[in-house]
2 protein chains.
Amino acid sequence: MSATIPRDETVHEAPSARQQAVLDAVLGLLVEEGDQLTMDAVARRASCSKETLYKWFGDRDGLLTATVRWQASRVHAGRDAAGALDAAALRDRLLDFAVTWLDVIAGRTSVVLNRIAIAHAGSRKGNLGAIVLANGRLAIGGRVKPVLEAGRTAGLLAFEDSETAFRTFFGLVGRDVQIRLLLGDALDLDAAEIRRDAARAVDQFLALYGQARP
Amino acid sequence: MSATIPRDETVHEAPSARQQAVLDAVLGLLVEEGDQLTMDAVARRASCSKETLYKWFGDRDGLLTATVRWQASRVHAGRDAAGALDAAALRDRLLDFAVTWLDVIAGRTSVVLNRIAIAHAGSRKGNLGAIVLANGRLAIGGRVKPVLEAGRTAGLLAFEDSETAFRTFFGLVGRDVQIRLLLGDALDLDAAEIRRDAARAVDQFLALYGQARP
DNA sequence: CCAGTACCGTACCGTACGGTACGCGGCGGC
DNA sequence: GCCGCCGCGTACCGTACGGTACGGTACTGG
């Protein structure tokens, strides 16, 4: 009677090492082959059976969701050391955010994952889009806004609504980069160009919102 | 011997009225049903046979391409009256661009078409992405840059590279709107909010690049 | 009135792909 | 040693959908 309880092994929390390997296979496939990812291809690439895939991830969407989460979990790594904030420190922090953000959205992986999520958002049950949004735009917003507010407290910045200020920052940094990459424009940014663009964006942002300490 | 030359009737130029109706059916379907557009559904909606669809548009991609072109052709309608440029006129022109652009990208149709094009760009033969890019981001750039340059000539703006200046303008106007909509965020902007956002973007742009006439 | 054309409706074909079933090998516990 | 279990490989099923074929109808030119 203790006959093997089905027990939902679907991945909801941290994936095991083997599962991570599968997810990496998905990412690799996605990056190399564009989308049109098939379960067969994943199984072959990850050297596992489709049955296992379905046991672990439920269905194709589950696999995609787990992949997006997995990728998100490795991007988040980043310290938010909040120290004393003078003008130089503020600028550094913003510059760091800008460079990191541009690095992320310019990466093949981010582009492909965003494409998947966008396509998914177009066909109902759009949790993928929400997940990407939460780990991308909203996550960076959640981390930048405290810095902006600290800057305001320190008398370095002037704005009423930190959300609005952040969105301006976001626009100045991202500009047309993301949409162009998503639509397949070549536009390869090297590290130097990213740094230059990020610096200009930060300077512009400070020109708009900065104020000399009274 | 004059046996009905096959004669490629594929739509390359302006579609006939009936063809336009078909393309409008595609747009309607796209907007209402999200993507997962099937040829069957199009034929049913447009009250035409699949055979005709294939005769006119070649294949599914051809239909999509024609749809994107068709939509683009109706958006372009807009006068670029270039008159004398004082500060107020410059501001008006930029504001007009900003409002128009936000209106477009916030529209259901634009969102859906961009989703299609982005998905398409992910799976090789990405002409759709290129077409959307050419009629969206690049088209607006081509129209704004002359205005910026006229502003510079008139001593109202200061910048070195009009492309860079335009990209800043683009970022200030669009901010996170497009990516959020593409990823399925609700975010419905009413006309008033669009106007307000556009005005702020223009003001910020002028704050960065404007200069009092010497 | 006839021939030709255009196009609608529908039935049909082929295939790709999501999802399932089954047999086999390796590895733990008794 | 033998027995579950886990997971690999593979064969298989069902279906959705892109694309084609064909019969029927309306219109046009001669």
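Because only heavy atoms are used, hydrogens play no part in the values below, and waters and symmetry mates are left out as well, while side chains stay in.
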Asker: Rounded at 0.5 Å granularity, tell me how far CD in A:E51 sits from CH2 in A:W56.
Answerer: 12.0 Å
Asker: NA contact type, A:L53, heavy-atom cut-off 4.0 Å: base, sugar-phosphate, or nothing?
Answerer: nothing
Asker: Expressed in angstrom and rounded to an integer, what is the separation of B:F57 atom CZ from D:dG19 atom P?
Answerer: 14 Å
Asker: Below 4.0 angstrom from OP1 or OP2 of D:dC17, is there any side-chain N or O of B:R44?
Answerer: no
Asker: From the options B:V173, B:T100, B:V202, select the one residue that forms a side chain to side chain contact (heavy atoms under 4.5 Å, CB included) with B:L95.
Answerer: B:V202
Asker: Does B:C48 or A:D40 map to a spot on DNA chain C nearer the 5' end, using the closest nucleotide for each?
Answerer: B:C48
Asker: To the nearest Å, how far apart are A:E33 CD and C:dC17 C1'?
Answerer: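 Going from A:E33 (CD) to C:dC17 (C1'), I get 16 Å.
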Asker: How many whole angstroms separate atom OH of B:Y54 from atom P of D:dA21?
Answerer: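 About 13 Å, once rounded to whole Å.
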Asker: Please report the interatomic distance CD1(A:I131) to NE2(A:H120), rounded to the nearest 0.5 Å.
Answerer: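 Answer for the CD1-NE2 pair, A:I131 versus A:H120, is 8.5 Å.
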Asker: Donor-acceptor pair, distance only, cut-off 3.5 Å: does the side chain of A:T67 make one with the backbone of A:L63?
Answerer: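 A pair under 3.5 Å: yes.
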Asker: With a cut-off of less than 4.0 Å, is there a side-chain N or O of A:R45 near OP1 or OP2 of D:dC8?
Answerer: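 Indeed not, no polar side-chain atom of A:R45 lies that close.
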Asker: Show the distances under 3.5 angstrom between N or O atoms of the protein and N or O atoms of nucleotides 21-27 of chain C.
Answerer:
residue : atom : partner : partner atom : Å
C:dC22  : N4   : A:E51   : OE1          : 2.3

Asker: Atom CD of B:Q36 to atom C1' of D:dG18: distance rounded to whole Å?
Answerer: 15 Å
Asker: State which of C:dG18, C:dC8, D:dG18 makes the closest approach to the side chain of B:R18.
Answerer: C:dC8
Asker: Without decimals, in angstroms, what is the distance between A:K55 NZ and D:dC5 P?
Answerer: 11 Å
Asker: With under 30° as parallel and over 60° as perpendicular, where do the rings of B:F159 and B:Y209 fit, or are they tilted in between?
Answerer: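 The rings of B:F159 and B:Y209 stand perpendicular, inter-plane angle above 60°.
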Asker: Please give the stem ranges for DNA chain C, sorted by first residue number, where a stem is three or more consecutive Watson-Crick or G-U pairs and both donor-acceptor distances are under 3.5 Å.
Answerer: C:1-30 with D:1-30
Asker: Rounded to the nearest angstrom, tell me the gap between atom CD in A:Q19 and atom C1' in D:dG7.
Answerer: 12 Å
Asker: Tell me the interatomic distance from B:D59, atom CG, to D:dC17, atom P, rounded to whole angstroms.
Answerer: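 After rounding, the reported distance stands at 17 Å.
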Asker: Would you say A:F205 and A:L148 make side-chain contact, with heavy atoms under 4.5 Å?
Answerer: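 Yes, side chains in contact.
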Asker: Calculate, to the nearest 0.5 Å, the distance between atoms CD and CG belonging to A:Q204 and A:L172 respectively.
Answerer: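 The CD atom of A:Q204 sits 5.5 Å away from the CG atom of A:L172.
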Asker: Compare side-chain N and O positions of B:W56 against OP1 and OP2 of C:dC7 and report whether any pair is under 4.0 Å apart.
Answerer: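 It does, given that an N or O in the side chain of B:W56 lies less than 4.0 Å from OP1 or OP2 of C:dC7.
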Asker: Would you call A:R137 and B:D185 a salt bridge, using N to O less than 4.0 angstrom?
Answerer: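 Between B:D185 and A:R137 there is no salt bridge, as every charged N stays at least 4.0 Å from the carboxylate O atoms.
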Asker: Expressed as a whole number of angstroms, how long is the span from A:L63:CG to C:dG19:C1'?
Answerer: 13 Å
Asker: Using a strict cut-off of less than 4.0 Å between a Lys/Arg side-chain nitrogen and an Asp/Glu carboxylate oxygen, indicate whether A:R195 and A:D190 qualify as a salt bridge.
Answerer: no
